[in-house]
Structures are given as structure tokens and as C-alpha cells.
Amino acid sequence: MAGVYGAFGRPRIAGVKPSGEAVQVQNGCGARPCPFASSVIVPKRKWSAAMKIFRSAAILLFLPNSLFAEEKLNTDMCLSMKSDAARLICYDRALGYKEPEEIFPTGDGWVLMPGIDEFTEKDVSRVFVEEKDRAGARDAAVISVGCREEGGYGILFYKSSFINTSSRVSVRYRFDENQPVSESWWGTTSSNGAMLPDNYKDFRAQLLESDALVIEVTDYQGGRHRHAFEGLQNNKNDLEFVMSGCISN
């Protein structure tokens with residue numbers, strides 16, 4: 001059973017396809033807290049190719065490092081290996097190569113995180129944008145827009161060090177050169193953010209049309225957290241997709 005995102009061309013249902021290709025699913029957002037927790041679909045891997053590499057390099061993979069202490073692995077030894085896969089692994093070990101950690105791409109503009117609810121198979125994808133000059137930082141403020149299982153979408157401000165114990169959060173924001181607006185948003189259940197009420201239309205409309213946003217939220221002690229966001233028109237098609245309720249054309 002499989003589907004598509006329409007024009008987005010992304011896989012919808014996690015699992016193993018008849019072709020033997022597999023889709024790996026992970027929950028949450030990796031190192032970052034997840035404003036809209038759901039299953040996230042990551043790129044497919046061809047297990048048949050992986051198995052070929054495993055078979056070719058099995059001896060190298062299972063040799064203990066203590067063996068290399070007695071006879072140091074060098075590139076001349078790698079040249080004698082006929083298998084391309086085994087030779088590549090040999091070079092990596094000889095030269096001390098370490099695979100870099102996988103980091104989800106961030107920066108100015110919206111980042112799409114596709115997702116499918118495992119129970120209902122509803123599209124619950126989301127997009128997020130991080131504050132200016134803080135992309136990738138653990139405590140970066142985030143504006144996240146996510147599709148809901150029951151339909152529609154929600155807009156959330158999130159920051160891990162922001163704490164609010166009240167059901168309402170004082171919010172002030174300004175898009176581009178427009179006049180500042182003061183509103184009262186819902187507090188989140190995690191107490192680390194603020195959720196835009198569904199009947200507040202101005203923020204939604206300006207989010208689609210503006211390039212920049214400055215937002216200020218007040219925590220439980222009266223402290224003000226002010227953050228700037230830019231590049232709101234970058235990857236706008238992903239934002240529009242989520243604000244449509246994740247409905248493909």
C-alpha cells in the first residue's frame with residue numbers, strides 16, 4: 001500500500017514495498033524537540049544494494065580492531081582487495097575516515113518534515129523555520145506549522161528554554177514593516193511554547209505574504225523573549241502545502 005504527495009512526489013506510507021525497497025520511519029525530530037510529534041519518513045534505502053556491500057565486506061566488518069594493532073592497516077593492503085566495497089572500507093579504516101552525523105538541513109526558509117500518522121494514515125507533515133542567525137542551535141526559537149490528524153493545521157511558537165505555566169501566553173509580533181500586533185495565544189501542554197488560536201486570521205494571512213517576522217512572547221515570570229525570523233518566502237510552496245491541510249492537488 002503506497003501513495004504520493006501529488007506534485008511533491010514524496011512517499012506517504014512507511015513500510016516495505018513489493019519491489020523490495022524499504023522506507024525507514026523514525027519518531028520525533030532527532031536532536032531537536034518536536035512541536036508536532038508524528039512519524040517522519042526519511043529517504044528510502046535499497047536493501048538489495050546494502051546486502052551486496054555487506055557480503056563483499058563481511059570479513060573486514062567483523063575483524064576486531066585488535067588485529068589491526070598487530071599489523072597496521074595501510075593503503076597498500078587495500079590495493080590487493082578485488083571487491084570495490086571491501087576496498088572502500090579498507091581505505092576508510094586505513095585513513096581514519098569517520099562518517100559524519102546526519103543533520104537535518106536548516107537555515108533561512110521553511111524546512112519540510114513529511115509525516116504520516118501510523119494509525120489513520122493521514123498526512124501530518126509540518127514545516128518549520130528557525131530564528132535568524134541561530135539555525136541549528138539547540139535553543140533556537142522555532143515557528144512551526146503542522147497538519148492535524150483531524151484536518152486543518154496549527155501554528156506554534158516553540159523554544160526549549162521558554163517556560164509558561166499559564167493557559168494563555170502574551171504575544172506581540174510584527175511582519176515586515178507592518179504595525180505591531182498584540183494577542184493572547186494558547187499555552188502549550190509542554191509549557192515551552194505558544195499556539196495560535198484557530199480563529200486568529202491576521203497572523204495566518206501575513207505569514208503567507210511576508211518576508212520577515214519579529215515575535216515576542218512573555219514567560220511565567222514576565223520575561224520577554226524576542227526573536228526574528230527571515231526568509232519566510234523561501235520554500236513557500238511547502239508552507240502553502242501544509243496550510244492547505246496537507247491536501248495534494
Side-chain angles (χ1 to χ4, degrees), residues 1-15 23-30 32-42 104 106 109-131 140-160 162 164 166-169 171 173 175 181 183-210 213 215 217 229 232-249:
M1 180 170 58
V4 295
Y5 275 109
F8 291 83
R10 296 180 173 87
R12 295 195 60 178
I13 306 302
V23 179
Q24 185 182 17
V25 178
Q26 64 182 28
N27 291 321
C29 302
R32 293 196 53 78
C34 215
F36 293 93
S38 66
S39 297
V40 178
I41 298 178
V42 297
F104 200 86
T106 59
W110 297 99
V111 177
L112 176 67
M113 299 186 70
I116 296 294
D117 184 271
E118 295 176 331
F119 289 102
T120 65
E121 297 180 1
K122 294 288 185 66
D123 194 324
V124 287
S125 299
R126 59 189 176 274
V127 292
F128 70 90
V129 62
E130 294 178 289
E131 65 177 299
V142 171
I143 298 294
S144 181
V145 185
C147 293
R148 294 170 174 161
E149 179 187 343
E150 64 273 18
Y153 67 94
I155 297 179
L156 175 77
F157 166 87
Y158 181 89
K159 183 184 178 185
S160 61
F162 172 81
N164 183 78
S166 172
S167 62
R168 305 293 287 194
V169 178
V171 177
Y173 64 85
F175 284 98
V181 177
E183 294 178 339
S184 179
W185 291 17
W186 294 111
T188 62
T189 55
S190 66
S191 301
N192 297 118
M195 177 80 72
L196 178 71
D198 289 346
N199 60 336
Y200 286 18
K201 306 300 182 184
D202 290 344
F203 188 94
R204 301 171 191 272
Q206 293 188 65
L207 186 63
L208 278 171
E209 302 301 328
S210 304
L213 164 69
I215 189 169
V217 294
F229 298 84
L232 301 183
Q233 293 298 301
N234 297 342
N235 305 324
K236 183 181 176 181
N237 58 326
D238 290 335
L239 173 64
E240 291 174 334
F241 170 66
V242 173
M243 292 184 73
S244 73
C246 293
I247 299 175
S248 301
N249 295 326

Looking at [Y], is its backbone amide N or carbonyl O close enough to the side chain of [X] to form a donor-acceptor pair, meaning the two atoms are under 3.5 Å apart?
X	Y	result
Asn235	Asp238	no
Lys122	Glu150	no
Tyr153	Cys246	no
Glu130	Trp110	no
Asn192	Ser160	yes
Glu131	Val142	no
Thr188	Ala194	no

| field | Residues Met113, Val242; criterion side chain to side chain contact (heavy atoms under 4.5 Å, CB included); working and verdict | value | CA-CA 10 Å; Met113 299 186 70; Val242 173; over 6 Å; no

| query | How about Tyr173 and Asp202: do any of their side-chain heavy atoms sit closer than 4.5 Å? | reply |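 Answer yes - side chains close enough.
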
Determine the minimum heavy-atom distance between [X] and [Y], stating which atoms define it.
X	Y	value
Asp117	Glu149	OD2-OE1, 3.6 Å
Ser125	Leu112	CB-CD1, 4.3 Å
Met195	Ile155	SD-O, 3.2 Å

Gap between atom [atom2] of [Y] and atom [atom1] of [X] - 0.5 Å precision:
X	Y	atom1	atom2	answer
Leu213	Ile143	CG	CD1	5.5 Å
Leu196	Trp186	CG	CH2	11.5 Å
Phe162	Phe157	CZ	CZ	6.5 Å
Cys147	Met243	SG	CE	10.5 Å

| request: Could you please spell out the steps behind the side chain to side chain donor-acceptor pair (under 3.5 Å) verdict for Arg126 and Ser144? | output: CA-CA 7 Å; Arg126 59 189 176 274; Ser144 181; 5.2 Å; no

| Residue pair Asp123, Phe241: steps toward the side chain to side chain contact (heavy atoms under 4.5 Å, CB included) verdict | CA-CA 11 Å; Asp123 194 324; Phe241 170 66; 3.7 Å; yes

| message | I need the single residue from Val127, Asn234, Leu232 that forms a side chain to side chain contact (heavy atoms under 4.5 Å, CB included) with Leu239. Which is it? | response |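 Result for side chain to side chain contact (heavy atoms under 4.5 Å, CB included) with Leu239: Val127.
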
| Mind checking whether Phe203 and Trp185 have ring centres under 6.0 Å apart? |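 Here the rings of Trp185 and Phe203 have centres that are less than 6.0 Å from each other.
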
| said: Apply side chain to side chain contact (heavy atoms under 4.5 Å, CB included) to residues Asn164 and Val217 and explain how you reach the verdict. | reply: CA-CA 10 Å; Asn164 183 78; Val217 294; over 6 Å; no

| request: Walk me through it: do Glu209 and Lys236 pass the test side chain to side chain contact (heavy atoms under 4.5 Å, CB included)? | output: CA-CA 9 Å; Glu209 302 301 328; Lys236 183 181 176 181; 4.2 Å; yes

